[in-house]
Asker: 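Just dropping this structure here.
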Amino acid sequence: EVQLVESGGGLVQAGGSLRLSCVVSGLAFDDYAIGWFRQAPGKEREGVSCIGRTDGSSYYADSVKGRFTISSDHAKKNAVSTVYLQMNNLKPEDTAVYYCAAEFARYSSSCPRADGMDYWGKGTLVTVSS
């Protein structure tokens, strides 16, 4: 069974930092792209960052470039891997539920398109106060 479990959300003041974690299990990690998405109240879900895309590139939305960093911790023999999203200099507009998602990306990748992702976590809430 594929599972993605997010953690690390919380309440932080503007200018502060948080590190989100996504524990991934039940899939061949090397064949998947992992993305972080967020959804604010009344807004559509948007792709924030991706790692492990088919061409090896990472992706950052313009709104988070220079502030957020995606990384992964994966040992081939481990059945569990973790993808992190380090968020610095947080702004009130970063307030949202943050989700991680996985996409089979051996041949092609559509991350950061949300409709291309195959598996989703349940999300973790990030609230940035002004």
Side-chain angles (χ1 to χ4, degrees):
E1 180 187 6
V2 176
Q3 288 190 320
L4 294 92
V5 181
E6 304 96 334
S7 63
L11 173 64
V12 64
Q13 288 188 332
S17 298
L18 284 174
R19 188 175 80 158
L20 305 183
S21 299
C22 173
V23 177
V24 182
S25 61
L27 53 76
F29 190 80
D30 288 342
D31 287 336
Y32 281 79
I34 306 296
W36 282 99
F37 296 78
R38 65 186 181 187
Q39 188 164 20
K43 295 188 176 181
E44 291 188 356
R45 191 170 296 189
E46 65 167 334
V48 174
S49 185
C50 304
I51 193 169
R53 298 194 297 180
T54 308
D55 63 1
S57 66
S58 296
Y59 166 86
Y60 294 96
D62 287 343
S63 57
V64 307
K65 280 181 182 176
R67 300 189 298 123
F68 291 11
T69 303
I70 193 169
S71 63
S72 66
D73 183 2
H74 168 63
K76 288 188 180 293
K77 293 184 178 180
N78 288 352
V80 175
S81 302
T82 305
V83 177
Y84 303 98
L85 187 69
Q86 178 68 43
M87 306 187 296
N88 298 328
N89 190 22
L90 283 161
K91 303 176 180 181
E93 51 263 43
D94 294 319
T95 295
V97 177
Y98 282 72
Y99 301 88
C100 66
E103 171 197 29
F104 183 68
R106 185 186 293 177
Y107 306 113
S108 65
S109 175
S110 61
C111 192
R113 281 179 46 197
D115 61 2
M117 308 307 287
D118 299 309
Y119 303 99
W120 290 86
K122 294 184 178 180
T124 184
L125 176 63
V126 172
T127 304
V128 184
S129 63
S130 57

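All residue numbers refer to positions in the sequence shown, counting from 1.
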Asker: May I ask you to decide if the ring planes of Phe104 and Tyr32 are parallel, tilted or perpendicular, using 30° and 60° as cut-offs?
Answerer: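 It falls in the perpendicular class, over 60°.
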Asker: Can you name the nearest heavy-atom pair linking Ser25 to Val80, along with the distance?
Answerer: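 For Ser25 versus Val80, the nearest heavy atoms are CB-CG2, 4.0 Å.
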Asker: In this structure, which one of Trp120, Tyr98, Tyr99 forms a ring-ring contact (aromatic ring centres under 6.0 Å, His included) with Phe37?
Answerer: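 Of Trp120, Tyr98, Tyr99, ring-ring contact (aromatic ring centres under 6.0 Å, His included) with Phe37 is met by Trp120 alone.
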Asker: Would you call Phe29 and Ile34 a side-chain contact if the rule is heavy atoms closer than 4.5 Å?
Answerer: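 Heavy-atom side-chain distance check passes, below 4.5 Å.
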Asker: Might you point out which heavy atoms bring Arg53 and Ser58 nearest each other, and give the distance in Å?
Answerer: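 So the two residues come closest at NH2-O, 3.5 Å.
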Asker: Tell me if a side-chain donor or acceptor on Thr95 pairs with a main-chain N or O of Val128 at a distance below 3.5 Å.
Answerer: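 Present.
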Asker: Report yes if the side chains of Met87 and Val12 come closer than 4.5 Å at any heavy-atom pair, otherwise no.
Answerer: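 SC-SC contact between Met87 and Val12 ruled out.
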Asker: Under the criterion side-chain contact (heavy atoms from CB on, under 4.5 Å), which of Asn88, Leu90, Asn89 is the partner of Phe68?
Answerer: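 For Phe68, the side-chain contact (heavy atoms from CB on, under 4.5 Å) test succeeds with only one of Asn88, Leu90, Asn89, which is Leu90.
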Asker: Answer yes or no: is there a donor N or O on one side and an acceptor on the other, between the side chain of Thr124 and the main chain of Ser7, under 3.5 Å?
Answerer: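 No.
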Asker: Write down the atom of Ala14, the atom of Pro92, and the distance for their closest heavy-atom approach.
Answerer: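 Scanning both residues, the minimum pair turns out to be CB-CD, 4.1 Å.
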Asker: Taking all non-hydrogen atoms of both residues, which atom of Gly26 and which atom of Val2 are closest, and how far apart?
Answerer: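 Smallest interatomic distance, heavy atoms only, reads O-CG2, 3.4 Å.
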Asker: Can you name the closest pair of heavy atoms from Thr82 and Ser21 and give their distance?
Answerer: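 For Thr82 and Ser21, the tightest heavy-atom pair comes out as CG2-CB, 4.1 Å.
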Asker: For the pair Thr54 (side chain) and Ala105 (backbone), establish whether a donor and an acceptor sit closer than 3.5 Å, ignoring hydrogens and angles.
Answerer: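 Checking the backbone N and O of Ala105 against the side chain of Thr54, a donor-acceptor pair under 3.5 Å is found.
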Asker: I would like to know whether Arg38 and Val126 meet side chain to side chain contact (heavy atoms under 4.5 Å, CB included); could you show each step before the answer?
Answerer: CA-CA 9 Å; Arg38 65 186 181 187; Val126 172; over 6 Å; no
Asker: Do Tyr119 and Leu85 share a hydrophobic cluster, counting only Ile, Leu, Val, Met, Phe, Trp and Tyr and linking them when any side-chain heavy atoms are less than 4.5 Å apart?
Answerer: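 Yes; tracing contacts between hydrophobic side chains, which count when under 4.5 Å, links both residues.
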Asker: Does Cys100 offer a backbone N or O that forms a donor-acceptor pair with the side chain of Glu6 under 3.5 Å?
Answerer: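 The answer is yes, because a donor-acceptor pair under 3.5 Å joins these two groups.
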Asker: Hydrophobic cluster membership, with links at side-chain heavy-atom distances under 4.5 Å among I/L/V/M/F/W/Y: are Leu125 and Leu11 in one?
Answerer: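 Looking at the clustering, Leu11 is in a separate group from Leu125.
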Asker: Can Tyr107 be reached from Tyr59 by stepping across I, L, V, M, F, W or Y side chains whose heavy atoms are under 4.5 Å apart?
Answerer: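 Unlinked, Tyr59 and Tyr107 end up in two clusters.
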Asker: Is there a donor-acceptor pair closer than 3.5 Å between any side-chain N or O of Ser81 and the backbone N or O of His74?
Answerer: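 Between the backbone of His74 and the side chain of Ser81 there is no qualifying donor-acceptor contact (under 3.5 Å).
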Asker: Run Leu20 and Cys22 through side chain to side chain contact (heavy atoms under 4.5 Å, CB included) and show every step you take.
Answerer: CA-CA 7 Å; Leu20 305 183; Cys22 173; over 6 Å; no
Asker: Between Tyr84 and Arg19, is there a cation-pi geometry (under 6.0 Å to ring centre, at most 45° from the normal)?
Answerer: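 Pair Arg19/Tyr84 counts as cation-pi.
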Asker: Salt-bridge test for Lys65 and Asp62: reply yes if a basic N is under 4.0 Å from a carboxylate O, no otherwise.
Answerer: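 Salt bridge: yes.
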Asker: Please examine the side chains of Leu4 and Met117, heavy atoms only from C-beta on, and report whether any two atoms are closer than 4.5 Å.
Answerer: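 They are not in contact (no side-chain heavy atoms under 4.5 Å apart), so the answer is no.
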Asker: Do Ser109 and Glu103 have side-chain atoms, one donor and one acceptor, less than 3.5 Å apart?
Answerer: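 A pair is found: one side chain offers a donor N or O, the other an acceptor, under 3.5 Å apart.
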Asker: In the structure I gave you, are the side-chain heavy atoms of Tyr60 and Ile70 within less than 4.5 Å of one another anywhere?
Answerer: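 In contact.
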Asker: Roughly how far, to the nearest 0.5 Å, is the CG atom of Asp118 from the OG atom of Ser110?
Answerer: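 Spacing of OG (Ser110) from CG (Asp118) equals 8.0 Å.
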